[in-house]
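Owing to the predicted nature of the structure, the values given are computational and were not obtained by experimental measurement.
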Amino acid sequence: PVLSQQAGCHIYFKMENMQMTGSYKERGAMNRLSRLTAEERKRGIVCSSAGNHAQAVAYHAMRLGISAKICMPENTPLSKIAGTERWGPEIILKGRGFDEAFREATRIQEEEQHVFIHAFNDPLIMAGQGTVALELLEQNPYLDAIVTPVGGGGLIGGILTVIKSVNPRIKVFGVQSELMASMKRSMAAGEVTPIPSAKTIADGIAVGTVGRIPFEVVYPLVDDIVTVDEDEIASGVLTMLEVQKTVVEGS
């Protein structure tokens, strides 16, 4: 109620931080891993992640009895490394950002013939994340707008696929750190455009190159992509703690 009064509109939060591994990433990971064949499960999986996808993949791989290797950037927060380790995968720390960890994961996949589980450039991952929108429509079909963080594009791509098919009246806005605004840059260019790595509080969405598959959905459908600076992100985290009594990450 306090934030709604301050903003002059009704604000609702989708508390994906209450998932088992702390983010919506479980949705896509479970959808993708559940589609693996018996032969693919036997080969094992590999993925790259700045933290949340890693934890989600590790958790569901453990549940399904699939061996997993997870490549994470060397500057990944210790809490996310520990949160991934608890589910038993092999963890490889490589590079300063997601893109370098991604390259290491693809190298391992090619050499060892594991199945690569992409964090966002996969239609099954995007479809899994899109279940967020299905639940939003079920919980409140009278929404005017949805605001979502954007990293590689899997979440917003899934949300747009659902929302613009069911009720295109609802606006969808994506938000990125101004230091890692890869989707905004790509939207301006009209094509996937890589940007250099930079350090940001929003480490979970610090992706230098958005996915081609989600970009093809986002580009024609999104209402806008906006950016916020580091002070605004920090202020948002603090506001959630003080007003909502909820601890959230900058992503």
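- If you look at Phe120 and Phe215, their ring centroids are not closer than 6.0 Å.
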Which is it for Arg96 and Ser197 under the side chain to side chain donor-acceptor pair (under 3.5 Å) test, yes or no, and what are the steps along the way? CA-CA 8 Å; Arg96 293 181 58 252; Ser197 295; 5.3 Å; no
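- Criterion: ILVMFWY side-chain heavy atoms under 4.5 Å apart, direct or through other members. Under it, Met180 and Val222 are not part of a common hydrophobic cluster.
- By the 4.5 Å heavy-atom criterion applied to side chains, Asn140 and Tyr12 are counted as neighbours.
- Taking the side chain as every heavy atom from C-beta outward, Pro89 and Thr84 approach each other to under 4.5 Å.
- Within the 4.5 Å cutoff, side-chain heavy atoms of Met126 are placed close to those of Pro214.
- Side-chain contact check for Glu230 and Thr200: at least one donor-acceptor pair (N or O, by modelled atom type) lies under 3.5 Å.
- With contacts defined as side-chain heavy-atom distances shorter than 4.5 Å, the pair Ile146/Leu143 qualifies.
- Hydrophobic clustering of Ile, Leu, Val, Met, Phe, Trp and Tyr side chains at less than 4.5 Å, counting indirect connections, keeps Leu124 apart from Leu64.
- Residues Ile70 and Ile108 fall into different hydrophobic clusters, defined by Ile, Leu, Val, Met, Phe, Trp and Tyr side chains chained together at heavy-atom separations under 4.5 Å.
- The side chain to side chain contact (heavy atoms under 4.5 Å, CB included) check on Ile205 picks up Pro149, Ala202, Ser251, with sequence neighbours excluded.
- By the side chain to side chain contact (heavy atoms under 4.5 Å, CB included) test, Leu241 is found to be paired with Val247, residues two or more places apart in sequence or in another chain being considered.
- Clustering ILVMFWY residues whenever any of their side-chain heavy atoms sit less than 4.5 angstrom apart, transitively, puts Leu3 in the very cluster that holds Val248.
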Show, in sequence, the C-alpha distance, side-chain angles and deciding distance for Arg107 and Glu104, and conclude whether the salt bridge (Lys or Arg N to Asp or Glu O under 4.0 Å) test is met. CA-CA 5 Å; Arg107 183 192 66 78; Glu104 176 65 10; 2.7 Å; yes
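- Legend: residues meeting side-chain hydrogen bond (donor to acceptor under 3.5 Å, both in side chains) with Arg32, ordered by chain and number and at least two apart, are Asp122.
- Minimum heavy-atom separation, Gly208 to Asp99: CA-OD2, 3.5 Å.
- For CG of Leu238, the number of neighbouring non-hydrogen atoms (other residues, nucleotides, ligands) closer than 6.0 Å is greater than 12.
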Any chance you could lay out the ring pair (Phe, Tyr, Trp, His ring centres under 6.0 Å) test for Phe116 and His118, step after step, and finish with the verdict? CA-CA 6 Å; Phe116 187 81; His118 203 288; 5.7 Å; yes
Yes or no on side-chain contact (heavy atoms from CB on, under 4.5 Å) for Ile92 and Met72, after CA distance, side-chain angles and deciding distance? CA-CA 6 Å; Ile92 300 101; Met72 307 177 79; over 6 Å; no
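- The SG atom of Cys71 lies 12.0 Å from the CD atom of Glu100; values are rounded to the nearest 0.5 Å.
- Side chain of Ser235 to backbone of Asp231: no donor-acceptor contact under 3.5 angstrom is found.
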Show every donor-acceptor pair shorter than 3.5 Å between a side-chain atom in residues 51-59 and any protein atom, with sequence neighbours excluded, or say none if there are none.
unit_1, atom_1, unit_2, atom_2, d
Asn52, ND2, Glu249, OE2, 3.1
His53, NE2, Ile117, O, 3.1
Gln55, NE2, Gly51, O, 3.3

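- In this structure, the side chain of Thr239 does not engage the main chain of Val237 through any donor-acceptor pair within 3.5 Å.
- Using modelled atom types, one side-chain atom of Gln129 and one backbone atom of Gly28 make a donor-acceptor pair closer than 3.5 Å.
- Atom CD of Glu138 is separated from atom OG1 of Thr131 by 11.0 Å, given to the nearest 0.5 angstrom.
- Taken together through direct or relayed side-chain contacts under 4.5 Å among Ile, Leu, Val, Met, Phe, Trp and Tyr, Ile91 and Phe102 form parts of separate hydrophobic clusters.
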Kindly indicate, with the supporting measurements, whether the criterion side-chain contact (heavy atoms from CB on, under 4.5 Å) is fulfilled by Leu93 and Ile81. CA-CA 9 Å; Leu93 299 179; Ile81 295 175; 4.0 Å; yes
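- Side-chain contact between Val228 and Glu178 is absent, with no heavy atoms from C-beta onward closer than 4.5 Å.
- Side-chain contact between Thr246 and Met15 is present, with at least one heavy-atom pair separated by less than 4.5 Å.
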Using the rule given for side-chain contact (heavy atoms from CB on, under 4.5 Å), can you reason through Ile225 versus Gln176, listing the C-alpha separation, both sets of side-chain angles and the distance that settles it, and then say yes or no? CA-CA 7 Å; Ile225 300 290; Gln176 292 193 298; 4.1 Å; yes
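- Between Pro194 and Thr209, the closest heavy-atom pair is CB-OG1, 3.5 Å.
- A salt bridge (Lys or Arg N to Asp or Glu O under 4.0 Å) check over residues 141-170, counting only residues at least two apart or in different chains, returns the pairs Asp144-Arg169, Lys164-Asp223.
- Ion pairing between Lys171 and Asp224 fails under the 4.0 Å rule for side-chain N and carboxylate O.
- The 12-atom threshold is exceeded at CZ of Arg63, counting heavy atoms of other residues, nucleotides or ligands nearer than 6.0 Å.
- Residue Glu216 holds its CD atom at 12.0 Å from CD of Glu191, rounded to the nearest 0.5 Å.
- Residues meeting the side-chain hydrogen bond (donor to acceptor under 3.5 Å, both in side chains) test with Thr21, sequence neighbours left out: Glu26.
- Under a cut-off of 6.0 angstrom, the local environment of CZ in Arg43 is crowded, with over 12 non-hydrogen atoms contributed by other residues, nucleotides or ligands.
- Note: Lys80 NZ to Ser49 OG = 7.5 Å, rounded to the nearest 0.5 Å.
- Contact detail for Val217 and Gly157: the closest heavy-atom pair is CG1-O, 3.6 Å.
- Using a 4.0 Å cut-off between charged nitrogen and carboxylate oxygen, Glu40 and Arg35 do not count as a salt-bridge pair.
- To the nearest 0.5 Å, atom NZ of residue Lys69 and atom CD of residue Gln109 are 12.0 Å apart.
- Counting only distance, with no hydrogens or angles, the side chain of Thr148 and the backbone of Gly174 share no donor-acceptor pair below 3.5 Å.
- Of all heavy-atom pairs spanning Val210 and Gly151, the tightest one is CG1-O, 3.6 Å.
- For the residue pair Arg185/Thr193, the side-chain donor-acceptor check at 3.5 Å is not satisfied.
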Can you check side-chain contact (heavy atoms from CB on, under 4.5 Å) on Leu36 and Ile45, steps first, answer last? CA-CA 10 Å; Leu36 293 176; Ile45 61 175; 3.9 Å; yes
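- In this structure, Lys14 places its NZ atom where more than 12 heavy-atom neighbours from other residues, nucleotides or ligands lie under 6.0 Å away.
- Contact annotation: the side chain of Lys199 never approaches that of Leu179 to less than 4.5 Å [non-hydrogen atoms, C-beta and beyond].
- Using a 4.5 Å heavy-atom threshold, the side chains of Leu137 and Ile170 count as touching.
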Applying salt bridge (Lys or Arg N to Asp or Glu O under 4.0 Å) to Glu16 and Lys25, what does each step give before you reach the verdict? CA-CA 9 Å; Glu16 292 297 295; Lys25 291 284 191 176; over 6 Å; no
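- By the neighbour-count criterion of 12 heavy atoms within 6.0 Å, atom CD of Glu111 is densely surrounded, having more than that number from other residues, nucleotides or ligands.
- The line from CG of Leu221 to CD1 of Ile159 is 12.5 Å long, rounded to the nearest 0.5 Å.
- Side-chain atoms of Asn121 come within 3.5 Å of backbone atoms of Arg212 as a donor-acceptor pair (strictly under, hydrogens ignored).
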